[in-house]
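Input: a single structure, listed below in structure tokens.
Every heavy atom of this structure was used, including side-chain atoms; hydrogens, water molecules and symmetry mates were not. Quick caveat, the model's predicted, so the values are computed rather than measured. The chain is numbered in sequence order, starting from 1.
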Amino acid sequence: MKKRRHLRILIVLLICTLAQAQVSKSEMLLANILTEVRSTNKERAFFLVDSIYKNDADIHVKIHALFIHAYLYHDEFNIPTSLQFAFQAIDLAEKNKSYKWLSRLYGFVGAEYSRLGLFSEAMLYFDKIEAIIPLVSDEHDRNFSHFYYYHLLSAYYYEQKSYNEALLSIQRAESYIAKVGTALIHYNHYMCSIEQNKGINYLELKQYDKAEKAYEKGYEYIMKEENIDDFLALGYIYAGLAKVYGIQQKPVTANQILDYYYKGLHIAILNDNRDLKEICYDYLREYYETVGDWENYSKYNKLYLDERHEKEEFRTKTVNELLEQQHLFKEEITYKNKKYLVVIVSFLVVLLIAPGIYFLLRRKKKSKNQEEEGPSSAFLQKLAQAKESELASFFQGVSWYNIPCEEDERAVVEALMCFEQERGFVDSTITLEALAESCQVTPTALAKVLQQHKQVEFKMYLTQLRLCESVKLMRFEKEYREYKISHLAEVVGFGSHSSFSIEFKKSIGVNPSFFIQYLEEIEKK
């Protein structure tokens, strides 16, 4: 089970995000809030940051204060509020062309989305950074921004299980921190984080010698610092070293390995860090299973499963909160646009299109009457009771016709069957040309096969596959009923919430929310 271990990188980076030679008194205080005040008095940290934001006239200090505010909420696992402050800081930085802060804020937002498993959203912000960094005027800040970007990007690749890509990003990050130099505040913290990041990727690649060297080097860096007993990265170092020593069967005693595990767990509990606790519980249960200590195995297995369950509940709840905020934000924009539209439409009605408006209103009223009549209850009942294998028959273009086929079409049909089986249709960017290329035929030939054996055109073919998949998810994977409709639309390949709802209602007769409610009522009965 892969963990979101990369979050410790964000912690280390943000503590020292003020990487420059000359700073203001307010900026130094903001830096101290993270390094000193945050760990001892969280309420005071919030108060100080808010006070600096309100009372310091320097726009760059205000951006920095919003950034620290976002991190404090990140520290409390309140990602929706964390992103709210980050977006406020981004808006201010964009208006004032503060490119140094923009590059880091984009990275922060990307890391927060990665934390929730929303990788498409994360990459949108990571992609913005490369265009911003060349605009950072100070060379020192520009090198640090490059380092910050590649360091966070390596964690993104780790989550995607692209471990070699992650290591390449770490190598790039190292080249830029070398340009910044040892004058960087908390230089050893950064170097420890880099080595620890290498260690987790080498561990996944089963390159245990390299993982061991990276962890030991990270340990050497962090031991040069003072007051590191509760330093989070050290907890990951302890857990990683214990894991590698156990795998490598190094000449260390079982007590030494357990001592490292328990030191890592102590730091995790001290920081109340869910990710590190989950890792330590996982490693400890594996260790006790290996040595045949079933009592301790049972204890840590239960702790691991409980922690994992709580994290998944947290992730689901947070994703829903975030999607709800996005939905409300879009509604607010839509409302403002409608206000302007009303003025324009009213003017046009007076001048020209009153008859047209009258026709549209009548048509809308007729559509509303048809909606009130409701869809065929018999059809909905069939959808709600059909077996998974039977659902295809309800969607035109999902079932196959005229099979077996001609010899010259067989390869194309088999490629399409493979495309459907592997759920290639959930890619919202798929085109007729791209699918034809993967089937090794021309778009015209592919369209002919679809017409012959599916009796639909390409666009309808994709739509019906996606609708069928959405019904399967709502029917047989109940957790999708808990997500927002916009998220479900994205999962099955629709480009937007509205296009999904329109096509769903056109085919099923009701909107997706009504169908979910209908399924719940049927199951209660």
Side-chain angles (χ1 to χ4, degrees), residues 3-19 31 34-36 38-39 71 75 104 107 111 143-144 146-155 157-158 163 166-204 207-245 259-268 270-271 273 275-277 279-280 283:
K3 314 295 188 302
R4 295 186 176 85
R5 305 173 210 181
H6 65 284
L7 298 176
R8 64 200 176 283
I9 298 170
L10 190 60
I11 293 171
V12 175
L13 291 176
L14 286 176
I15 288 176
C16 306
T17 192
L18 200 62
L34 283 181
T35 57
E36 299 174 12
R38 176 182 63 89
S39 59
Y71 175 69
D75 201 27
R104 299 171 196 180
N143 286 328
F144 182 81
H146 269 116
F147 159 74
Y148 187 86
Y149 164 53
Y150 285 118
H151 207 22
L152 290 180
L153 190 63
S154 70
Y157 283 126
Y158 173 84
Y163 306 120
L167 287 165
L168 181 59
S169 287
I170 296 169
Q171 183 181 347
R172 290 173 176 170
E174 278 189 295
S175 68
Y176 282 103
I177 202 171
K179 295 178 181 179
V180 176
T182 56
L184 183 66
I185 302 172
H186 293 297
Y187 172 81
N188 290 318
H189 285 193
Y190 286 104
M191 298 309 296
C192 170
S193 183
I194 286 175
E195 295 300 330
Q196 199 280 322
N197 199 12
K198 286 181 188 176
I200 60 172
N201 285 283
Y202 283 132
L203 199 59
E204 295 295 344
Q207 298 179 18
Y208 301 123
D209 286 337
K210 291 183 179 179
E212 180 184 347
K213 289 179 182 178
Y215 281 129
E216 289 181 341
K217 194 172 181 180
Y219 184 78
E220 290 174 5
Y221 276 118
I222 202 59
M223 294 309 291
K224 296 176 183 178
E225 294 289 319
E226 297 179 356
N227 302 319
I228 47 82
D229 291 343
D230 62 346
F231 186 55
L232 194 59
L234 181 59
Y236 285 97
I237 292 285
Y238 280 137
L241 280 174
K243 179 76 171 178
V244 172
Y245 286 157
D259 181 54
Y260 272 8
Y261 276 140
Y262 286 123
K263 281 181 178 179
L265 182 56
H266 172 73
I267 292 174
L270 203 62
N271 285 273
N273 186 274
D275 297 306
L276 182 53
K277 281 194 286 187
I279 291 167
C280 291
Y283 287 177

Between [atom1] of [X] and [atom2] of [Y], what distance do you get to the nearest 0.5 Å?
X    : Y    : atom1 : atom2 : result
S154 : I200 : OG    : CD1   : 7.5 Å
Y245 : Y260 : OH    : OH    : 5.5 Å
K210 : N201 : NZ    : CG    : 12.0 Å
K217 : C192 : NZ    : SG    : 12.0 Å
M223 : N188 : CE    : CG    : 11.5 Å
L234 : H189 : CG    : NE2   : 9.5 Å

Is there a side-chain contact between [X] and [Y], using heavy atoms and a 4.5 Å cut-off?
X    : Y    : value
L167 : Y157 : no
K198 : E174 : yes
E195 : Y215 : no
Q196 : Y219 : no
I177 : F144 : no
I170 : Y150 : no
L265 : Y261 : no

Over all atoms of both residues, closest heavy-atom pair of [X] and [Y]:
X    : Y    : result
R104 : Y148 : O-CE2, 3.3 Å
Y236 : L276 : OH-N, 3.5 Å
A211 : G199 : CB-O, 3.7 Å

What do the steps show when you test Y190 against F147 for ring-ring contact (aromatic ring centres under 6.0 Å, His included), and what is the final call?
CA-CA 10 Å; Y190 286 104; F147 159 74; 5.5 Å; yes
When the aromatic ring centroids of Y163 and Y158 are compared, is their separation below 6.0 Å?
yes
Residues D259 and K263 bridged, charged N to O under 4.0 Å:
yes
